[in-house]
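Just so it is clear: chains get the letters A, B, ... in the order the sequence lines come, proteins before strands, and each one is counted from 1.
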Amino acid sequence: MKSETTETLDKYAIDKYKYGFVTDIEADRPKKGLNEETIKFISKKKDEPEWMLLWRLNSFKKWLKMSQPEWANLKIPDIDFQDIYYYSAPKGFEKKPKDLSEVDPKLIETYNKLGIPLQEQKVLAGVAVDAVFDSVSVATTYKGELEKLGIVFCSISEAVKSHPDLVKKYLGSVIPPGDHSYSALNSAVFTDGSFVYIPENTKCPIELSTYFRINAEETGQFERTLIIADRGSYVSYLEGCTAPQRDSNQLHAANVELIALDDAEIKYSTVQNWYPGDEDGKGGIYNFVTKRGLCKGKNSKISWTQVETGSAITWKYPSCILKGDNSIGEFYSVAITNNYQQADTGTKMTHIGRNTRSKIISKGISLGNSQNTYRGNVSFLRKSAKARNYTQCDSLLVGNKCGAHTIPYIDSKNNTAVVEHEASTSKINEDQLYYCRQRGLSHEEAVSLIVNGFCKQVLQELPMEFAVEAQKLVSISLEGSVG
Amino acid sequence: MIFLNINNLNVTIDGKQILRDFNLNINLGEVHAIMGPNGSGKSTLANVLAGNEDYEVKSGKIIFKDQNLFDLNIEERAQLGIFLAFQYPVEIPGVNITPFLQASLNSRLKNQNKEEVDNLDFAKILRSKAQELGINSEMLKRSINTGFSGGEKKRYEILQMSILNPEFAIFDETDSGLDVDALRIVTEGINKFKTNNNSFLIITHYQKLLDYIKPDFVHVMRDGSIVKSGDISLASEIEESGYKNF
Amino acid sequence: MTLQDNFENHSKQYIFCDDEFLSKEREKIFIKINSNNFEKKNNESLKNLPFSDLNSFNYFFHVLDDKPKSIIKEKNVYQVDIVNGRSENYEDENIKIRNIFSKDFDKKKYVKDNKDNDIVMDFNKIFLNSGFFLTVKAEAQIKIHLNHNTKKNFTIFQQNFFNFQKNSKVKIEENFNLTENTINNIKSDFKADEYSSIEHNIFQKFTSSNKLFLTSNATCQKNSSFKQFSFNFSDGFVRNFHYAKLNGVFAKAVLKGCFFLKDNNACSNKTFVSHNAENCESNQTYKGILNDISKANYFSNTFVAENAQKTEGYQLSKGILLTDTCAFFSKPELRIFADDVKCSHGSTIGPVDESALYYLRSRGIDKKQAMKMIIASFIEDELENLDEDNINKINNNLSNYLNSV
């Protein structure tokens, strides 16, 4: 028995967080701290037009007046916003490399280690990647192919210069800078991120993907993503995240805005695997992310799928504003917390238009000493006639030192709207474990199998290659906590 | 080799004694049936053999294939060749039979130092066995036991048995809740699988099942131990006059 | 009158004002509210509350000469009349009742009690003017009809303490006969000792100039059971906030309610069950029907402590909206710290089931009758364990309500 345990532990140690390495690369950073100078520095580094700088400074003014949201079921240590670097770029990135031959080979190696192929010839068919390393976008693959279709897929910094009209029109239109303190912070100091524009009646033929990586120490990452799907278009977008293993906490406060016009559909999938901290809760990423989609046009659809396994603290509510008549919002989520992780995650579905529909499937799994909260808000405004919501949120507890919490808010102001909500919390079923073990599976395999089954409704929403990755991630996240 | 020997077994659950000085010997190639009224301890026996951790073994010994069973946990016993066909197979939503049974089969093959099967080969095995048992492929796409009828669940257990190829299969009141047709399908499956190199323990309340599977030995159990052993004629005796004579 | 006027003009007249400690506490709470220095944004106690009414009412209370008629006893059935917050002291082999005095207050409890930031309870403490102790003795099996009679313009701020001793079996029927322009802010503590069994049925039906803020805290010991049903047919504002703590193993709490709103009425509901011991069971179910421009909310919460294994907790909230101008807000929470639990909640809000309505009408039943049938079936499950009398009472109220639909 002993050797088996040791073996498992060894395996655990290796598999637990395989993205915890640091890339030794020289970085270009301003002084620590948040002030107008920092913002001007970022804006200058990015060679931004005046209007962008003003937008940032305005947001900063708003941020100064705001306090952090405190309603979440999280214990958040005080964050010293003056003790963070707000910009970090691999040296020599003042000008974005034109092609991959100009990129530092160390960076390419990093992304290869992460399993993100940047060299187009190595790219598995069908995924275009925009990779963000600390504060800058490193490379965007498949760009040329997409350009032929009129699809814009580039870094947001590039878009500010190349497509200022679109950026001006839509940036902050879904998440106003003054929405809350993290949106104000992001709007002031966002460093990079992706920009996507899908023209009318175009179905993006490949999955677009961003890969976020925090490398530098004491650096906050504030990426900004803006996706616009014009009339009748379709796009599927994937986002992956990792960070090195460090003892200190790092802040990640991204903003993602989606806009779907008439008959357009956006599918946004995330596998979030930021460094969660060690077994004692030391280190890890603070993940305060605002994601919001606007179904602006009629018959539009926005679908969020997330698998959240990483981060020390997760504060994240990918939401949909269902403004266009007949528009559809979906939210599929798996959140696994282990050790001392804390997650407060869920969604907000705001039904404004007639006949709007939303669906929420949330699966939470708590292990170790972690706390896992689902928080969801479904509201039907006065004019949302015949709107519908279906919500199902299930929680699974493994061990008795963790907590699982479900906090839905349901607000109906329309008498033809129908909301149906179901939730359950239970421990892993002993009979199921017994059954699997009787068929020869080990305890750990049995738990992994059952949990994967529990999450299936969500995992099957992910694009194929992501789903396989996510299943493995689910199994890895459970290791060491069983038995 | 001692195939299965149960010696003076005493078992409790929640402090209540269920098995008392229970003894049973089964050789390779034999089919044994245990009959008895409700509460006589039949299902407890099945679960103790499988290693269910809810039961507490106070004293006694079980030797299976020359090994002390109490040294092995649930999955190790399964890997060694013990298969329990459950009375009420549990539903496992979201888990498909393919990855489940493939992992299960491979754990057993690994134990026998045999080469594990890959996805493609396993899919072939699964399909051909299912066909043999008249299980349609649509059923293989569903989650384990989820939304199955009583008969479908039992057939699913037979399918798993025929793929895992255990040396010792225990059927825990498999006949309960089955109609005659389902019963025939299940017993045909068992009979097809039966060879000289495996043994069966059939636990049942009624004689009906034993009309289809001819056991070599019939035991009557009462209050936690075997009170009488004999051949198939014992079953007819119970059918006629019940358990009151024992 | 403003809060300040009320406090200053009447603080010397309050009963219990002889207690220095209490006076200080009252002053503290008053300052907190008066300076507007309390959490408002996520404060559940403020939802749908007619705050201006609460804040600027005319405090009016005095002890009347005519004593409440109190207790009539017939075969283990007790009638306890509470007139303007006061009852008659009484004792026999089953029951003991007396009004409270200032020395009755456990000072520590008085201070720590309000961790929920409940503004209504703050008012209750500041203006506290009445209350009683009611003890049901061990082994007693009785019924109690508890009638609150509040005369015109009276403002009642009451705290009651019920104790159900070991093995007692009690059925309480609580009624509110409110005349006109009254405020009734009543908090009751229910202490259920081992193996006691309590059924508490509450009927709320009064005119729109009256307001009722009813709060209860049940504490259940080993193998006890506390079942509460509130039926709110009032034209006036009602707040039902009910809490239960399951502190002994195998205890059971049921907090259920139905409300029927019309015109511009509102009601605020909350239930909260904390499981602090193993093998306990709870059920929180509220169902409501809203008409005209009424609005309602329901907060429910199941808390399961780390040691409360083998918990079964169930929640359900259902709302039917009859017009496009009413509104219902629901927040069913689960907070679970133990792993061996089965907890669930369900919530639906929507119109009357159109297909059911169509079906019934196609069988020749007129629309109004069909609506009645559907709505009656909506609350039917909740009536299961009630007496014939109570069911009749509810059905009468229900058909009155539906006639106005």
### Task
Please state whether the side chain, the backbone, both or neither of Ile82(B) comes within less than 4.5 Å of a heavy atom of chain A.
both
### Query
Residues in ring-ring contact (aromatic ring centres under 6.0 Å, His included) with Tyr156(B), at least two apart?
Phe148(B)
### Task
Enter the distance from Asn369(A):CG to Gln371(A):CD here, rounded to the nearest 0.5 Å.
8.5 Å
### Message
Please classify the contact between Cys455(A) and chain B as side chain, backbone, both or neither, with a heavy-atom cut-off of under 4.5 Å.
### Response
neither
### Residues that Arg77(B) engages under side chain to side chain donor-acceptor pair (under 3.5 Å), provided they are two or more places apart
none
### Message
Looking only at heavy atoms and a cut-off of under 4.5 Å, which of Gln432(A), Lys456(A), Glu445(A) has the most pairs with chain B?
### Response
Gln432(A)
### Task
Would you mind checking which part of Glu91(B) comes under 4.5 Å of any heavy atom in chain A, side chain (CB onward), backbone (N, CA, C, O), both or neither?
backbone
### Message
Consider side chain to side chain donor-acceptor pair (under 3.5 Å). Of Arg437(A), His443(A), Gln438(A), which one does Glu75(B) pass it with?
### Response
Arg437(A)
#### Entry: Residue part contacting chain A, namely of Pro89(B), when any heavy atom lies under 4.5 Å
both
### Query
Under 3.5 Å, side chain of Gln160(B) to main-chain N/O of Glu157(B), donor-acceptor pair present?
no
### Task
Apply the side chain to side chain contact (heavy atoms under 4.5 Å, CB included) test between Leu140(B) and each candidate in Ile97(B), Thr98(B), Asn96(B); give the one that qualifies.
Ile97(B)
### Query
Is it the backbone or the side chain of Asn47(B) that comes under 4.5 Å from a heavy atom of chain A, or both, or neither?
both
### Task
Give, as side chain, backbone, both or neither, the part of Phe454(A) having an atom under 4.5 angstrom from any heavy atom of chain B.
backbone
### Query
If you count heavy-atom pairs under 4.5 Å between each of Asn52(B), Leu164(B), Val95(B) and chain A, which one has the most?
Asn52(B)
